[in-house]
Chemist: 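First, the structure itself, so that you have it in front of you.
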Amino acid sequence: MKARLNPAQLGLLIDRYLAGKTVYELGTMFGINRQTVAIILKREGVPIRRQCISEDLRDEVVSLRTLGWSFARLGERLGVNPSTVRNFLRQGAA
């Protein structure tokens, strides 16, 4: 049986997303999958943020990656998906 959010939880989820929490963080907080969070937000008409990393952080990300940090660890530090980190670094290499 799927967990359903009550109206108060739904409002809290939306408020926290609008305040900057990621779908990953919200999924953990509410015990649901990040894809479910995204579906809920879309259904409620909340604009979904595109995951991105500021160019200002490129030197730091490259440095940490050189030190052996995994994409997962970098993603956790930056609050983005590991594939976002990988794509960010690939763009700089082009």
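Reckoned from all heavy atoms, side chains included, excluding hydrogens, waters and symmetry mates.
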Chemist: Pairs in or reaching into residues 61-70: which pass side-chain hydrogen bond (donor to acceptor under 3.5 Å, both in side chains), with residues at least two apart or in two chains?
Modeler: none

Chemist: Taking it one step at a time, do Thr22 and Val37 satisfy side chain to side chain contact (heavy atoms under 4.5 Å, CB included)?
Modeler: CA-CA 9 Å; Thr22 67; Val37 173; over 6 Å; no

Chemist: Has the side chain of Gln9 got a donor or acceptor atom that lies under 3.5 Å from a matching backbone atom of Asn6?
Modeler: yes

Chemist: Drop me the distance from Phe88's CZ to Ser54's OG, to the nearest 0.5 angstrom.
Modeler: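 Spacing of CZ (Phe88) from OG (Ser54) equals 7.0 Å.
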
Chemist: Which pairs, with at least one residue in residues 8-31 and sequence neighbours excluded, count as a salt bridge (Lys or Arg N to Asp or Glu O under 4.0 Å)?
Modeler: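 Applying salt bridge (Lys or Arg N to Asp or Glu O under 4.0 Å) to every pair that reaches into residues 8-31, excluding sequence neighbours, yields nothing.
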
Chemist: Once side-chain hydrogen bond (donor to acceptor under 3.5 Å, both in side chains) is applied, what residue pairs with a partner in residues 27-39 remain, sequence neighbours excluded?
Modeler: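 Of all non-adjacent pairs touching residues 27-39, those that pass side-chain hydrogen bond (donor to acceptor under 3.5 Å, both in side chains) are Tyr24-Arg34.
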
Chemist: Among the clusters formed by ILVMFWY side chains lying less than 4.5 Å apart, do Ile48 and Met29 turn up in the same one?
Modeler: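 Result: yes, single cluster for both.
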
Chemist: Taking all non-hydrogen atoms of both residues into account, name the closest pair between Ala72 and Pro82 and its distance.
Modeler: CA-CG, 3.6 Å

Chemist: Are Val61 and Leu78 packed together at the side-chain level, in the sense that at least one heavy-atom pair is separated by less than 4.5 angstrom?
Modeler: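 Yes; the side chains approach each other to less than 4.5 Å.
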
Chemist: Among the clusters formed by ILVMFWY side chains lying less than 4.5 Å apart, do Ile39 and Phe30 turn up in the same one?
Modeler: no

Chemist: Between Glu76 and Arg73, does at least one N-O distance fall below 4.0 Å, as a salt bridge requires?
Modeler: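 Judged by the 4.0 Å cut-off on N to carboxylate O distance, Glu76 and Arg73 do not form a salt bridge.
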
Chemist: So, do Phe71 and Asn81 sit near enough that their side-chain heavy atoms are less than 4.5 Å apart?
Modeler: no

Chemist: I'd like to check Ile40 versus Ile32 (side-chain heavy atoms, cut-off strictly below 4.5 Å). Are they in contact?
Modeler: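 The answer is yes; the side chains approach within 4.5 Å.
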
Chemist: With heavy-atom distances below 4.5 Å as the criterion, would you say the side chains of Leu5 and Leu12 are in contact?
Modeler: no

Chemist: If you compare all heavy atoms of Tyr17 against all heavy atoms of Val23, which two are closest, and at what distance to 0.1 Å?
Modeler: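 Minimum heavy-atom separation between Tyr17 and Val23: CE1-CG1, 3.9 Å.
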
Chemist: With the side chain counted from C-beta on, respond yes when Arg77 and Leu64 share a heavy-atom pair under 4.5 Å apart, and no when they do not.
Modeler: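 Yes, close enough: below the 4.5 Å cut-off.
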
